[in-house]
Amino acid sequence: AGKTLTAVMHSDLRIIDPIFTTAYITRDHGYMVYDTLVAPDSNFKIQPQMADWKISDDKLTYTFTLRDGLKWHDGAPVTAEDCVASLKRWAAVDGMGQKLMDFTASIEATDAKTITLKLKEPYGLVLDSIGKPSSRVAFMMPKRLAETPADKQIPEQIGSGPFKFVQGEFQPGVKAVYVKNTDYVPRKEPASWTSGGKVAKVDRVEWITMPDSQTAVNALQSGDIDFMENLPYDMLPVLEANKELKIEVLNKFGYQTLGRMNFLHPPFDNVKVRRAALLAMNQKDVLDALVGNAKYQKICGAFFICDTPFATEVGADTLVKGNGMAEAKKALAESGYDGTPIVIMAPGDVTTLKAQPIVAAQLLREAGFKVDLQATDWQTVVSRRASQKPPKEGGWNMFFTNWVAPDVSNPIANLSIGGQGKKGGWFGWAEDPKIEQLKDAFVRASTLDEQKKIAADIQKEAYEQVIYIPLGQYLLPSGWRKSLTGVLDGPATPLFWNVDKSE
Amino acid sequence: MSVDTLPQSSIPITSPLRPRFGFLTSTPIIATATCLLALIVLISILAPLIAPHDPVQLAPSQRLKPSSAQFLLGTDAYGRDLLSRVIYGGRVSLLIGIGSAILSIAIGLAIGLVSGFFKLVDSVMMRVMDGLMAMPSILLAIAVVSLSGASLWTVLVAITIPEIPRVARLVRSVVLSAREEPYVEAAISVGSSLPKIMWRHLMPNTIAPLIVQGTYICASAILTEAILSFLGAGISPETPTWGNIMAEGRQYFQIKPSLIFWPGLLLSIAILSINLIGDAARDALDPRMKQREGK
Amino acid sequence: MTNTILDINNLVVSIGKKPKGANIIDGISIQVRERETLCLVGESGSGKSVTSLTTMGLLPKGTLVPTGGSIKLVGEELLTATDRRLRQLRATKMAMIFQEPMTALNPVVPVGRQIDEVLRAHTSLDAKARKKRILDMMEQVRLPQVERIFASYPHRLSGGQRQRIMIAMALVLEPKLLIADEPTTALDVTTQKQILTLIRDLQRDHGTAVLFITHDMGVVAEIADRVAVMRQGRLVETGPLETVLRNPTMEYTRNLLSSVPSLVPRAPREETREPVVLEANELSKVYKERAFFGKGREVVAADKVTLTLRKGRTLGIVGESGSGKSTVARCIVRLIDPTSGGVRLAGREIADISRRLLQPHRQKIQIVFQDPYRSLNPRVTVGESIAEGPVNYGVAHGDAMKRARELLELVGLPADAVSRYPHQFSGGQRQRIAIARALALDPDVLVADEAVSALDVSVQAQVLELLDEIQKRLGIAILFITHDLRVAAQICDQVVVMQHGRVVEQGPAAEVLTHPKEAYTKALLDAAPGRNWDFANFRAVAQGVGATA
Amino acid sequence: MLGYLLRRILAAVPVMGVVALFVFLLLRLTPGDPAAILAGDNATPERLERIRESLGLNEPLVVQFITWVNKLLHGDLGTSLISNLPVIKMIGQRVEPSISIALCTIVLAVIVAVPLGVIAAWKHGTWIDRFVMGLSVLGFSMPVFVVGYLLIQVFAIELRWVPVQGFRSIFNGFGPFFERMILPTCALSFIYIALIARMTRAAMLDVLGEDYVRTARAKGINEVAVMMRHALRNAAVPVITVIGTGFALLISGVVVTESVFNIPGIGRLTVDAVLARDYPVIQAMILLTSLIYVVVNLLIDVAYTLLDPRIRY
Ligand SMILES: Nc1ncnc2c1ncn2[C@@H]1O[C@H](COP(=O)(O)OP(=O)(O)OP(=O)(O)O)[C@@H](O)[C@H]1O
Ligand SMILES: Nc1ncnc2c1ncn2[C@@H]1O[C@H](COP(=O)(O)OP(=O)(O)OP(=O)(O)O)[C@@H](O)[C@H]1O
Ligand SMILES: [Mg+2]
Ligand SMILES: [Mg+2]
């Protein structure tokens with residue numbers, strides 16, 4: 001009994017190991033059940049969460065001290081050993097984690113409450129990595145679970161977060177249920193993003209899956225549900241007119257949408273062809289088709305998200321102005337493009353990914369490309385984009401995806417901007433030693449200004465090589481019934497603590 | 001008593017096949033249905049000449065515009081002209097409907113004829129057909145489409161596969177009863193070869209039920225395509241089909257119902273006509289029906 | 001003077017509501033009196049059934065409409081009666097029995113309940129009284145084990161039993177008028193005899209007026225008090241039985257009567273020494289009804305049948321329904337594979353050779369089937385049907401078509417019939433076409449399986465004449481299968497009598513049909529309706545010639 | 001009878017075998033990689049390989065098939081690749097809603113369609129006949145989801161008579177169950193009513209031409225009795241058959257209806273599983289639906305014997 005908050009999230013929860021996968025919904029699930037050692041506040045500043053920390057003067061030793069009263073959901077106390085195992089499992093698969101480990105000499109539990117991390121050389125992103133707010137998040141879990149190989153899912157959901165997962169009621173594709181963790185001791189500070197006091201005010205949170213957004217909107221209007229994470233833009237006029245609803249953007253930085261080409265196969269193995277494609281694109285058309293509402297879309301040439309420390313417009317000229325088509329035609333003609341059709345994967349089942357391929361296809365065609373727009377579903381895109389085979393054998397030339405701002409807001413977090421090629425590179429397998437060098441320099445940079453400069457260089461190189469094409473930013477409005485109070489904004493995930501519901 | 005003779009050429013030579021298409025104009029309703037369907041088919045064929053706009057030309061800034069002189073029915077979520085899309089949409093939808101009817105009938109006919117005549121093939125074939133039939137068609141279609149990519153062809157194949165067993169079974173049952181007909185036995189006894197018997201004596205019997213079945217398949221294929229689009233496993237979102245126009249339009253159901261209304265209207269009219277014609281064909285082609293009325 | 005029960009006066013029935021519609025019944029007047037049986041005879045399509053259905057008010061709505069005259073049942077006008085009134089009259093004042101006992105009963109309702117329905121609709125008896133009455137009636141129609149049959153479904157009963165149920169149902173309320181539309185046509189002669197006797201007896205007991213429709217003159221001679229002859233919707237002649245049979249006034253009636261084959265075998269033809277063209281040796285066929293896993297049912301349809309047929313001769317196979325006649329024929333033509341035994345065709349064993357090897361031999365033996373409507377493919381022109389065989393054996397298409405024209409003329413049809421479709425021909429004409437098709441391959445043997453049974457007597461006579469003529473001209477051997485002893489008597493040289501798949505008697509036609517040795521053959525002959533009447537000669541058969549009494 | 005049932009069930013074995021093999025091959029021979037779906041955004045080929053290994057997906061096909069069949073024979077449907085839950089449990093959670101819609105639909109459709117078909121046949125050729133047939137053809141010509149949205153718009157959003165979506169178990173009270181079941185049932189029934197009404201009419205027309213109907217009329221019983229007692233019972237076999245074969249159609253409809261009305265049934269489970277390449281779930285689901293189909297048709301054959309005493313096994 002008690003207060004139940006019913007929410008429709010952006011997608012359905014099916015994988016529930018937050019380290020195993022990067023799916024955003026699994027990350028959101030993670031924030032319900034698990035807690036982090038440290039966490040960013042709304043000023044991007046990392047704050048203590050489960051632990052406070054000290055940094056040695058040589059910047060080589062980080063000592064984390066767990067606060068008192070932390071308990072796992074099974075009742076056991078949280079120990080430093082648990083956290084070390086958790087960090088290791090996370091670092092094994094997360095990009096920033098791996099980077100961190102490259103610099104790490106050792107990470108140990110020096111006593112029941114103390115975790116000591118020793119670096120080989122100074123590394124500026126230790127706290128940013130451990131506290132990063134989006135996938136994958138360094139969630140803490142008991143050692144016995146954290147010892148599960150990273151290629152296997154953990155068998156149980158035991159965290160130390162403000163909510164407990166009700167395994168018995170979990171129906172993948174239908175609903176996930178969380179109940180208030182009455183043993184949770186929140187921090188005293190007010191909640192700010194994922195930091196501060198996580199006070200659960202409702203007794204039960206149900207995430208209901210509604211495969212059809214129209215149904216969900218209906219349900220929100222009729223009061224069947226309290227909260228809907230993503231509202232379809234076109235329904236906003238109707239919903240805004242509804243006095244029982246509140247509509248707000250919770251993640252102020254929103255998402256970046258981007259197009260990625262496959263560097264392994266013609267024609268996009270040729271940088272000139274990639275340039276021509278870049279020139280043909282323009283953000284306005286994409287955003288108009290995707291969002292179509294000036295309030296929620298933002299043309300932005302920055303690889304690392306506008307209005308963040310590393311934002312710069314360098315190299316983004318035509319993309320932002322939308323005046324590159326003539327140049328694109330010329331560039332394509334000179335590139336030696338032989339008319340090979342470009343296979344673009346177009347998922348039909350994810351609303352935030354439907355428009356990009358269609359608009360891109362049209363723009364590319366206009367520039368003189370031959371385009372083979374292949375309709376599929378998102379999961380197929382996900383499994384197909386991992387294929388390094390030529391397009392004719394089940395491979396691809398181009399796909400589109402979206403990142404939540406924190407996931408791309410610096411060159412290390414931003415997976416898509418690497419240059420490692422087939423060896424550990426992101427789908428598309430761009431090979432660009434220069435970018436890798438710059439990224440290396442970035443992590444070693446000691447001041448923000450230095451970092452900014454390097455980030456700008458990376459962006460310049462990325463545009464030159466067309467590592468990927470940022471197609472603009474958009475915000476997702478969430479909506480909830482006015483019976484909910486205290487809904488917090490955050491960097492990525494919707495937060496269910498601090499929310500109260502009046503009957 | 002003398003042998004009664006026919007006066008020379010007193011009776012006009014009428015083929016029993018010929019009056020069969022007369023039913024298309026038999027009642028005003030059927031005639032209307034025939035005309036409407038013909039009109040829709042014609043519009044689809046002539047789409048490039050009729051459509052005021054390029055159906056795939058995007059204009060994201062023009063999205064979801066209401067009707068205007070430029071866009072008679074307004075635009076869709078990508079700023080494409082709805083009228084043009086609906087006009088073009090008929091092409092793929094009808095192609096899928098007719099294609100799937102023809103394909104499934106062709107294959108089903110072959111399987112059915114062979115199974116109906118060869119006991120050995122029959123028991124194996126029918127088990128396979130049973131199996132195929134037992135599989136829920138929409139799931140099969142989703143599986144095929146999402147596993148091998150959605151193109152016109154995969155959608156067509158996906159929709160066709162589950163229909164094949166139904167056709168095969170129908171043909172088989174007709175063959176099984178027809179092969180007991182004395183005229184088939186007569187053909188055997190005058191030494192006709194098996195292919196000849198099948199082609200000449202058995203196959204024509206299947207035509208009437210197949211026409212009826214064909215209209216049914218055609219109608220349900222168009223609907224299935226719409227459902228596949230609805231589930232996100234349909235044909236490329238660029239290519240307009242009535243199904244995917246509606247499936248896309250459903251998100252705008254409350255703000256721009258015409259996105260569903262117009263393709264839905266045409267789809268309904270087409271299916272309605274096809275069904276009516278199918279029913280009329282059944283009535284016209286069913287020999288028992290004829291006997292009862294005319295004897 | 002007995003009262004008139006049914007009085008049909010100047011009745012006209014036409015197609016459709018339009019006044020211009022063709023008249024199916026064109027001004028007929030018939031009276032049936034109490035205790036009287038009026039036989040309505042006439043060729044197929046002459047309007048017998050329509051007359052009876054009009055009386056019952058059961059014409060298909062909208063298609064056939066009475067447009068003139070009157071029908072009075074015990075003085076009450078039926079044509080203008082309301083539906084409600086007609087329903088009340090049915091089964092209480094007038095009742096009807098139909099031709100097909102197999103389909104006239106609802107297959108999914110126990111027969112007792114079907115009779116019960118009549119009582120429930122028209123009486124206020126309670127369940128017990130009704131059942132008593134039904135059982136009583138069932139006994140009157142001489143059904144055995146009435147309790148069991150009461151609860152049985154129709155498919156568990158034989159044709160004769162079903163027809164008895166129909167009669168019981170019709171008579172349970174003692175109607176004044178009983179209409180029987182060919183009630184025995186679908187039955188074996190032996191059963192037919194029993195049913196006819198039954199109707200006679202019941203009529204005597206209940207004083208019912210009977211309108212009995214038939215096309216079988218034998219039956220007429222058995223049962224009628226008076227006869228009415230119909231042709232093309234008109235009444236040709238009517239009068240007391242003796243008068244009509246002995247002194248028919250109208251030409252049509254004379255023709256009809258003279259077409260009835262006599263039960264007296266024709267004069268035997270000379271014995272021939274011609275070669276044997278067809279031999280069946282201990283031929284057996286067992287139908288196995290296969291069932292998945294479980295044990296199948298076996299039917300021994302032919303059991304060691306042996307027969308011989310010489311060139312230019314006709315061998316008849318007779319026997320009642322289900323005795324295995326068709327099975328033997330089909331085995332011989334190899335439409336089905338015999339289980340054991342041999343078939344020698346022109347000296348060549350064909351019983352067990354493969355279908356492919358059989359191919360060249362097929363042309364030597366051809367078959368004509370019973371149903372003239374179904375034995376020609378409705379979608380193929382007559383010419384193509386006839387030419388199909390020759391073309392299969394390598395004759396050029398043009399030549400085959402030429403041959404088809406000749407053959408059509410041979411069987412008495414115009415040559416330009418080649419380009420027509422079967423539906424444009426009458427039953428008799430179709431049967432000629434079927435014969436032409438069989439002849440197209442110049443067979444040595446022609447198998448005719450009930451080839452004339454579906455035809456009207458007059459047409460039957462023509463076809464029989466045709467066969468005879470062809471045999472004389474081409475010297476073909478004919479295996480003639482029939483259940484009609486009259487036909488067998490007129491066309492066969494030899495007769496084989498079959499029962500339960502076995503040959504019970506075999507010999508020259510004159511011998512077997514006049515001096516049968518076996519009890520079964522005797523019973524068959526005995527049951528032949530009108531056996532004491534020589535229709536063609538308008539006289540009774542001289543005692544002792546028709547059959548041993 | 002019992003023997004017959006047994007034989008029928010045995011006869012279904014090869015059918016299920018065909019289905020199993022077909023499904024397995026279809027799934028495994030077409031592209032799609034559950035590992036990639038599981039791993040997410042920065043999976044390296046090596047990591048994918050390891051995940052595949054841990055899922056047993058890199059064994060040869062034959063081995064995978066044998067393993068699966070072997071488990072299947074021991075009653076083990078496997079574990080979902082994605083959610084890591086036992087497949088049997090996932091299905092168990094989802095069965096009730098789907099069965100509820102299917103049954104409600106069939107019941108509603110039969111209640112509405114059969115009388116419609118009977119009346120149409122009885123009044124064959126009149127405007128009543130045309131009206132009923134027109135209506136049923138209309139039902140056949142609208143996609144389920146369009147009908148569904150229309151119903152929601154009118155009855156749930158405008159009139160607020162019933163909830164917009166969702167499902168409540170009947171075990172938690174009939175009221176809430178009924179409220180939420182009524183719209184989906186109506187939406188789905190449309191096409192079914194069309195199908196059954198047409199079949200009923202056609203079968204009735206056939207039967208009305210039979211001799212025993214004439215016999216019944218000759219008995220002087222009234223038309224209603226002729227229709228119901230004599231015609232309809234004999235027309236029942238083809239009608240029941242179409243209900244059975246229409247079951248496949250129903251399953252498709254259920255998938256869509258479940259999406260539109262957000263009903264957590266097995267239809268959606270399968271669609272999700274297909275999209276996620278969750279092989280064990282897809283395999284189990286298609287097998288299950290095929291099994292249901294086989295069983296339904298078996299039941300229908302049993303119904304034949306009850307309806308028509310001539311049919312005996
Ligand atoms: N429903 C009908 N509509 C139109 N014509 C009909 C209909 N029923 C019968 N006829 C026609 O009426 C004529 C008389 O038919 P009827 O059935 O009375 O013949 P019959 O003498 O009983 O023949 P048979 O011996 O073959 O039973 C036939 O020419 C037939 O074609
Ligand atoms: N295909 C078959 N399968 C099983 N039994 C059959 C089959 N055909 C005929 N029979 C049975 O074989 C027996 C002989 O049948 P057949 O058709 O040879 O008789 P018939 O003498 O020609 O009878 P009729 O005079 O009715 O034509 C019958 O009991 C019949 O039920
Ligand atoms: Mg008649
Ligand atoms: Mg026979």
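Side chains included, hydrogens not; waters and symmetry mates left out as well; all remaining heavy atoms used. Below, chain A is the first sequence line, B the second, and so on; all start at residue 1.
The distance between the ring centers of A:F399 and A:W426 falls below 6.0 angstrom. Here D:W68 and D:F24 bring their ring centres to under 6.0 angstrom of each other. Taking the six-membered ring where the residue is Trp, the centroids of D:W161 and D:F155 are separated by under 6.0 Å.
Counting heavy-atom pairs under 4.5 Å between each of A:Q167, A:K175, A:R385 and chain D puts A:R385 at the top. Between chain D and the options A:Q221, A:K152, A:M210, heavy-atom pairs under 4.5 Å are most frequent for A:M210. Considering only heavy-atom pairs separated by less than 4.5 Å from chain A, the leading option among D:R94, D:E46, D:K89 is D:R94. Note on D:R268, D:R160, D:M90: by heavy-atom pairs under 4.5 Å with chain A, the leading option is D:R268. Heavy-atom pairs under 4.5 Å with chain D were tallied for A:V382, A:D407, A:D12, A:N218; the largest tally goes to A:N218. Top candidate by heavy-atom pairs under 4.5 Å with chain A, chosen from D:A39, D:P163, D:S259, is D:A39. Heavy-atom pairs under 4.5 Å with chain D peak, among A:Q153, A:Q214, A:K422, at A:Q153. Note on A:D224, A:T401, A:D17: by heavy-atom pairs under 4.5 Å with chain D, the leading option is A:D224. When A:A386, A:P172, A:G223, A:A23 are compared by the number of non-hydrogen pairs under 4.5 Å with chain D, A:P172 comes out ahead.
Neither the backbone nor the side chain of D:L55 has a heavy atom closer than 4.5 Å to any heavy atom of chain A. Using a 4.5 Å cut-off between heavy atoms, A:F427 contacts chain D through its side chain alone, with no backbone atom that close. When heavy atoms are compared at a cutoff of 4.5 Å, A:S387 does not approach chain D at all. Of the atoms belonging to D:P34, not a single heavy atom falls under 4.5 Å from chain A. Looking at A:Q388, the atoms closer than 4.5 Å to chain D (heavy atoms on both sides) all sit in the side chain, from C-beta outward. Contacts of A:V381 with chain D are absent, with no heavy-atom separation under 4.5 Å from either backbone or side chain. Using a 4.5 Å cut-off between heavy atoms, A:L13 does not touch chain D at all. Neither the backbone nor the side chain of A:W378 has a heavy atom closer than 4.5 Å to any heavy atom of chain D. With a 4.5 angstrom heavy-atom cutoff, D:Y149 touches chain A only via side-chain atoms. In this structure, the portions of A:I15 lying under 4.5 Å from any heavy atom of chain D include both its backbone and its side chain. For chain D, no part of A:A216 is nearby; none of its heavy atoms comes within less than 4.5 Å. Residue D:I263 does not touch chain A at all, counting heavy-atom pairs closer than 4.5 Å. When heavy atoms are compared at a cutoff of 4.5 Å, D:I157 approaches chain A solely by way of its side chain, counted from C-beta outward. For D:L48, the part lying under 4.5 angstrom from a heavy atom of chain A is the side chain only.
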CA sep, side-chain torsions, deciding dist, call: A:D151, D:S54, side chain to side chain donor-acceptor pair (under 3.5 Å)
CA-CA 7 Å; A:D151 312 319; D:S54 76; over 6 Å; no
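Side chain of A:R481 to backbone of A:I225: no donor-acceptor contact under 3.5 angstrom is found. Between the side chain of A:R27 and the backbone N or O of A:T22 there is no donor-acceptor pair closer than 3.5 Å.
Using a cutoff of 4.0 Å between basic side-chain nitrogens and carboxylate oxygens, D:R50 and D:E53 are not scored as salt-bridged.
Of the N and O atoms on the side chains of D:R277 and A:T380, at least one donor lies less than 3.5 Å from an acceptor on the other residue. D:S169 and D:E96 are linked by a side-chain donor-acceptor pair at a separation below 3.5 angstrom, with hydrogens and angles left out of the test. In the model, A:Y24 has no side-chain atom that pairs as donor or acceptor with a side-chain atom of A:E229 under 3.5 Å.
Here the NZ atom belonging to A:K423 is positioned 11.0 Å from the CD atom belonging to A:E436, to the nearest 0.5 angstrom. Separating the OG1 atom in A:T493 from the CG atom in A:D28 is a distance of 3.5 Å, to the nearest 0.5 Å. Note that the OG1 atom of A:T209 and the CD1 atom of A:I25 stand 7.5 Å from one another [nearest 0.5 Å].
Of all the heavy atoms in D:L151 and D:A187, the pair that sits closest is CD1-N, 3.6 Å.
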